[in-house]
There are 2 protein chains.
Amino acid sequence: MSKQHSSSKVYLDVVENLRTMIEADGLLPGDKIPSERELSERLAVGRSSVREALRALELLGLIETRRGEGTFIKDFQEHKLVELLGTFFLQNNKVNEDLVETRNLIEIDCLRVIIAHAIDDEIEQLIRWAEKNDFSDEDFFLKVAMCNRNRLLERIWRIVNSYAKASTFSDTKVSKQAYETLLEYVRKRDENQVVATYISLIRNMSKSE
Amino acid sequence: MSKQHSSSKVYLDVVENLRTMIEADGLLPGDKIPSERELSERLAVGRSSVREALRALELLGLIETRRGEGTFIKDFQEHKLVELLGTFFLQNNKVNEDLVETRNLIEIDCLRVIIAHAIDDEIEQLIRWAEKNDFSDEDFFLKVAMCNRNRLLERIWRIVNSYAKASTFSDTKVSKQAYETLLEYVRKRDENQVVATYISLIRNMSKSE
DNA sequence: CGAACTTAAGTGGTCAGACCACACGGGTCT
DNA sequence: AGACCCGTGTGGTCTGACCACTTAAGTTCG
């Protein structure tokens with residue numbers, strides 16, 4: 001089974017076969033996948049094609065290779081992909097605007113999720129953290145993103161934030177006071193006020209630049 | 001300049017060199033990059049290493065290759081990366097919940113962006129499209145995502161939607177009527193009503209399942 | 001016996017060369 | 001002028017050869 005995937009590009013077939021293979025064998029992050037030579041044989045393709053597929057998956061952060069040992073499935077978290085995409089062609093100005101806007105939207109979404117799902121204790125913990133520590137804008141929203149239960153949303157925030165950070169130069173600081181006001185509304189689970197406060201924060205940032 | 005990037009992996013050096021090369025020459029999406037053989041010579045590495053780099057970038061959706069013609073910089077939009085990541089290892093159940101929630105958040109964000117930035121004519125066009133055509137839920141929000149000015153947000157929606165589609169089985173249909181109500185509020189730029197309507201839509205979906 | 005060393009096999013990393021399939025452009029024939 | 005043909009360049013793929021490194025089995029020696 002699983003032969004001509006008609007992709008016309010062998011290395012894509014390999015990627016596909018690898019995927020189904022991993023699924024079928026129930027391989028998990030950390031597990032080892034067959035060696036390049038074995039894959040080459042089993043799939044009846046050249047080793048170079050196998051390598052093209054593996055290198056691509058490696059750059060995507062899906063696998064990890066260790067010379068002399070083998071190739072392993074990676075816990076899909078950090079992506080080199082980010083730094084790449086970010087610096088590759090962000091000469092476009094429109095993209096930067098989109099980045100900032102999107103980051104703002106995501107940050108609000110994170111706050112909404114917290115308001116909707118977080119238990120009181122989690123919010124208290126967040127407030128206590130803000131009181132005790134010094135932090136930058138980025139730190140703050142990283143904390144917020146991490147605090148919210150939705151890991152995917154956090155991940156998206158991280159990515160968008162990386163992009164945005166790489167392509168803008170604003171490192172304005174919002175007063176700690178403002179953030180504490182924001183959190184106060186979060187505690188009250190007053191979505192409208194949270195959003196309003198957030199928006200005024202944003203406005204201050206762009207002003208001070 | 002730009003030689004030993006010490007990455008230990010040649011193909012990563014190639015990626016890096018390629019990046020700086022593109023930047024230095026001011027190449028833009030659509031432009032052609034040097035041939036594999038030329039890169040191989042210029043960088044003094046094997047052609048196979050060049051290919052590993054190019055295939056990786058191709059899978060990332062950063063470049064496009066056309067047999068017999070050459071390799072071109074791609075307008076960063078669709079990624080094969082999506083289908084990949086999505087189906088690669090999403091055995092985690094929590095992820096599915098996050099997917100759906102995130103998609104919903106993004107969809108609302110798209111609507112917000114439209115309300116905030118779209119000109120009247122764009123909205124009218126959207127409404128006319130909805131009147132004249134038959135569409136699924138996915139079609140509708142794809143259209144919405146495409147309509148909003150923020151390309152990045154559209155891209156994120158596409159990604160999240162692909163994930164979500166691949167891991168859930170709901171294909172419930174919301175009545176056309178409901179969508180037209182939604183759009184009516186968009187026309188009035190009444191954000192609160194739009195959100196409220198959207199939420200009731202979502203609720204209907206999960207009910208009917 | 002156990003610790004240290006040696007060795008062989010396996011794995012990824014890289015290169016060179018050979019073909020193939022396809023696209024394009026210039027030249028030729030009608 | 002139009003249709004055709006073929007050379008050149010490009011990506012696509014395979015093969016075979018080394019190299020560097022890891023691991024574990026086997027061997028030697030204290």
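The chains referred to below are lettered A, B, ... by the order of the sequence lines, with proteins before strands, and numbering in each begins at 1.
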N/O contacts under 3.5 Å, protein versus nucleotides 4-10 of chain D?
| from | atom 1 | to | atom 2 | distance (Å) |
| --- | --- | --- | --- | --- |
| dG9(D) | N2 | G68(B) | O | 3.1 |
| dT10(D) | O2 | G68(B) | N | 3.3 |

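- Partners of R189(B) according to the side-chain contact (heavy atoms from CB on, under 4.5 Å) rule, which considers only residues two or more places apart in sequence or in another chain, are I115(B), D120(B), I123(B).
- In this structure, the side-chain contact (heavy atoms from CB on, under 4.5 Å) partners of L105(B), at least two apart in sequence or on a different chain, are D109(A), V113(A), L153(A), E101(B).
- Taking the ring-ring contact (aromatic ring centres under 6.0 Å, His included) definition, one finds that Y185(B) meets it with nothing, sequence neighbours left out.
- Considering only residues two or more places apart in sequence or on other chains, N133(A) meets the side-chain contact (heavy atoms from CB on, under 4.5 Å) condition with W129(A).
- Qualifying salt bridge (Lys or Arg N to Asp or Glu O under 4.0 Å) partners for E154(A), counting only residues two or more places apart in sequence or in other chains: R151(A), R158(A).
- A ring pair (Phe, Tyr, Trp, His ring centres under 6.0 Å) check over residues 96-119 of chain A, counting only residues at least two apart or in different chains, returns nothing.
- In 5' to 3' order, the nucleotides of DNA chain C bounding all contacts with chain A (an atom under 4.0 Å from a heavy atom) are dG10(C) to dT14(C).
- Within residues 48-55 of chain B, the residues having any heavy atom under 4.0 Å from DNA chain D are, by residue number, R51(B), R55(B).
- Applying the salt bridge (Lys or Arg N to Asp or Glu O under 4.0 Å) test to pairs two or more places apart or on separate chains, those with a residue in residues 123-132 of chain B are E124(B)-R187(B).
- Looking at K143(A), its side chain never comes within 3.5 Å of a backbone N or O of E138(A) through a donor-acceptor pair.
- Residues satisfying the side chain to side chain donor-acceptor pair (under 3.5 Å) criterion with T181(B), sequence neighbours excluded, are Q177(B).
- By the side-chain contact (heavy atoms from CB on, under 4.5 Å) test, A116(A) is found to be paired with no residue, residues two or more places apart in sequence or in another chain being considered.
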